[in-house]
Amino acid sequence: MTSRLERVTEQRLNSLKRIRSKGVNPYPHSYYPSHTSADAIALFGRQGESPQSMSLAGRVVARRRMGRMAFLDIRDGSGKIQLCFRRDLLGDEDYEFLQEIDIGDVIGVEGKLFRTRAGEITLEASDFTMLCKSLRPLPEKWHGLADVEKRYRHRYLDLIASEEARSIFRVRSRITAAVRSFLNARGFVEVETPVLQSQAGGALARPFVTHHNALDEDLYLRIALELPLKKLVVGGFDRVYEIGRVFRNEGISVRHNPEFTLLECYQAYADYNDMMNLVEEMVSSVAREITGSTRIVCGGKEIDLAPPWQRRYLRQTIKSYCDIDFEDYPDTASLRSRMGEAGMEVDAAKGRGRLIDELLASFVEPDLIRPTFLLDYPVEMSPLAKRKRDNERLAERFEAFVNGIEVANAFTELNDPVEQRERFQQQLGERVGDEDVEIADEDFLQALEYGMPPTGGLGVGIDRLVMLLTGQQSLREVILFPQLKAKSDD
RNA sequence: GGGCCGUUAGCUCAGUUGGCAGAGCACCUGACUUUUAAUCAGGGUGUCGCAGGUUCGAAUCCUGUACGGCCUACCA
C-alpha cells in the first residue's frame, strides 16, 4: 500500500471511530428497505408522482454537497437513485453525521420521492442509517476500471464500476434459468453427479488429479458428465440433464478456461436427429427469451439463430475446404502423409481422429459463422457414439458451430455393450504417443449390459452460449472469476 | 510452448533528445438549498511491476524476470 491509499484508509478508520463514539454501529446486522430503487421510481410514476414514505438501501456512488443541502447517488441491485439531504429537514445533528458518509459506504435511507427541477426522481431523506463503512476508494467514477487484470482479479470492483459487466452476469443467470425451464418443460429431470471420480471418462481431455486422504486414493475431477448420466438413463430416467462444472487440465485462451460449465442432456428413444432439433429449438428460444429476438450481433456480424440450422456432412465439408477426403485415407499414416503433402505441419503424436479434427479446426471452423451442424464423424473420433445406420466407418454424431465456435456436440449414443467394450479396447490399441484416450469405465459397461434404451445425447458449452448471446469475444468476460496465475502482491 | 505489446498516484492516463515525477477524478480545508462528470478557492501525493547493467545523471537506453493482453499451437 502506498501513502495516498493509506491516508484514505486512515481517514476512514478515523471516521469509524467517530461513528462508534456517537454510539452508532457502523456495521449493523440487517436493514429492510421497503423498495428497490427501480421499483420506487416505477411506483412514483404509476401513482401520479404523489409522495409516499419508503426506505431504500444501497452503496453510495456519488456525492454532491452544497452547504445546507447535499445530493447522494446510491446504487442497489436494481439500479441507481438520487437522494436529497436537507439540513432544515434533518436537523443539525443528523446533517452533520452526513459528513461521515463516504463514497463506497452502504447506507439505508427513509423519505419521500419528489422530482427535482432538473426532472430527476429523487428521495428526500427524513432519516438515514450507516449500513457498512467502506475503507477503500472506489475506481474512478467516469472511466471506471480499465485494467483488464484488475477487472478479473477483483471482479467485485468491475461489477461496482461497470454496468456492462453487471449486465453480462445478470444475462448469464437468465440464460441458465431459461435453459432449465426449456428442458424442464420437456420432461427432463435435472440431476447432480459426482465431480470427484476414480476415472475421468466421457471425453478426451487431460484431467486434474487430486487425492482423498481418508480413502488414500487418487481422484480425478470430471472432464465430462456423460457416463453417470447414461447410467441414469439405464436406471430409468428417460430424460435427464445436468448443468455442471467440468475441469480440463489444458490451455487457457479466449475460448478456454480450465473449469467451464457444461450442459449435457440425454433423451431415451431419441437419436442425433432429435438432438439437432432439440438444440436449435433450445438455443433459439433462449435467445428470444433473453434478447427478444433470434438475431444476435457477435463481433460485428449479425447471426440469426432461428431454426432450421444449416446441416452439412463433415466429410464433404472438409473436402470442400482443403480437398482432402478423409475416407480416402483410412489409417493414420496415410492421412498424415496426405496432410504433409498439403503443407501442414503434422504432430506425430496425433491419431487419425485428431488429424481430422485438425483439418476441421484449421480449415472449416472459423468459417462456420451462421449456425451449422456438421454431421457424421469418423468412428474413431467418437468412441461413445453409435455407428451410422448405412456406413459403419462413421458415427451418428454432430457438432454445432456458431460464429466459428463449437457450441454443441451430440450423438446417437452407443448402447451395444459388446461393441462399446471393443471400442474402448480399440482406443487403447490405436493410441498414438501420449494422446488422451477414452477410459473404459467398468461400471458404465456393466450398466450398458443391463441395457440402455436407444438414446440421444447432447452437450452444450454454457459459457460459450453466454458469449454468443451477450456478444462477447472472450470467455473471461462471461466467467466471473476466470483462471489467472496466482500473484503474490496486492 | 513461440511471437508481439503493456505495467507510472487509490482509479483513468500524460511524461518530448537521458536532466527536479505530471494532469483529471478521488481525498482534505473553506464557500454554496435543486445538484447530477455540480461549481468556485486552496491543499497534500509515488517501491515509475521487480532485479541488475550503462551513465555525472534512467520512468526514459540495455539485459533478465514477474504478471497481464492479443496472436499462435493443443483442448470445448
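Because the structure is a prediction, the values reported are computed rather than measured. Reminder, nothing fancy here: chain letters follow the sequence lines and each chain counts from 1.
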Would you say [N] has OP1 or OP2 under 4.0 Å from some side-chain N or O of [X]?
X         : N       : result
Lys485(A) : rG68(B) : no
Arg136(A) : rC11(B) : no
Arg7(A)   : rC28(B) : no

Expressed as a whole number of angstroms, how long is the span from [X]:[atom1] to [N]:[atom2]?
X         : N       : atom1 : atom2 : answer
Gln483(A) : rC67(B) : CD    : C1'   : 14 Å
Leu360(A) : rA73(B) : CG    : P     : 14 Å
Glu149(A) : rU7(B)  : CD    : P     : 13 Å
Tyr156(A) : rC11(B) : OH    : P     : 11 Å
Ile160(A) : rU12(B) : CD1   : P     : 14 Å
Leu145(A) : rU7(B)  : CG    : C1'   : 14 Å
Leu221(A) : rC75(B) : CG    : C1'   : 17 Å
Asp147(A) : rG49(B) : CG    : C1'   : 11 Å

Within the 3.5 Å criterion, strictly below it, is a donor on Glu413(A) or Thr455(A) matched to an acceptor on the partner's side chain?
no
For a quick check of understanding: with a heavy-atom distance under 4.0 Å over all strands, which category does [X] fall into, base, sugar-phosphate or nothing?
X         : answer
Asn14(A)  : nothing
Glu399(A) : nothing
Val407(A) : nothing
Ile103(A) : sugar-phosphate
Gly144(A) : sugar-phosphate
Leu262(A) : nothing
Arg151(A) : nothing

Name the pairing partner of [N], where a pair is Watson-Crick or G-U wobble with both distances under 3.5 Å, or state none.
N       : result
rA58(B) : none
rG22(B) : rC13(B)
rC75(B) : none
rC4(B)  : rG69(B)
rA51(B) : rU63(B)

In whole Å, measure the gap between the [atom1] atoms of [N] and [M] for me.
N       : M       : atom1 : result
rC5(B)  : rG10(B) : C1'   : 26 Å
rC27(B) : rU45(B) : C1'   : 10 Å
rU60(B) : rG1(B)  : C1'   : 32 Å
rC62(B) : rA21(B) : C1'   : 23 Å
rC13(B) : rU17(B) : C1'   : 23 Å
rA26(B) : rA38(B) : P     : 6 Å
rC48(B) : rC20(B) : C1'   : 15 Å
rU8(B)  : rC50(B) : C1'   : 14 Å

Would the distance check show the side chain of Thr9(A) and the main-chain N or O of Leu135(A) forming a donor-acceptor pair, the cut-off being under 3.5 Å?
yes
Contacts of type side chain to side chain donor-acceptor pair (under 3.5 Å), residue Lys386(A), not counting sequence neighbours:
Asn415(A)
The nucleotide from rC75(B), rG68(B), rU12(B) with an atom nearest the side chain of Ala146(A) is rU12(B)
Proximity to the side chain of Pro137(A) - top-ranked nucleotide from rC75(B), rA26(B), rC11(B)
rA26(B)
Answer yes if the ring centres of Phe128(A) and Phe85(A) are under 6.0 angstrom apart, and no otherwise.
yes
Can you give me the closest heavy-atom contact between [X] and [Y], atom names plus distance?
X         : Y         : value
Ala70(A)  : Tyr95(A)  : N-OH, 3.5 Å
Asp105(A) : Ser134(A) : OD1-N, 2.8 Å
Arg136(A) : Arg12(A)  : O-NH1, 3.5 Å

Mind checking ring pair (Phe, Tyr, Trp, His ring centres under 6.0 Å) for Phe373(A) and listing every partner two or more places apart, or none if nothing turns up?
Trp309(A), Phe398(A)
Do Glu242(A) and Arg222(A) sit within salt-bridge range, that is, some charged N less than 4.0 Å from a carboxylate O?
yes
Evaluate the criterion side-chain contact (heavy atoms from CB on, under 4.5 Å) for residue pair Glu96(A) and Arg87(A); output intermediate values, then yes/no.
CA-CA 9 Å; Glu96(A) 285 306 312; Arg87(A) 186 167 208 135; 2.7 Å; yes
Tell me, for nucleotides 31-38 of chain B in 5' to 3' order, what letter each nucleotide earns: B for a base near a protein heavy atom under 4.0 Å, S for only sugar-phosphate near one, - for neither?
-BBBBBBB
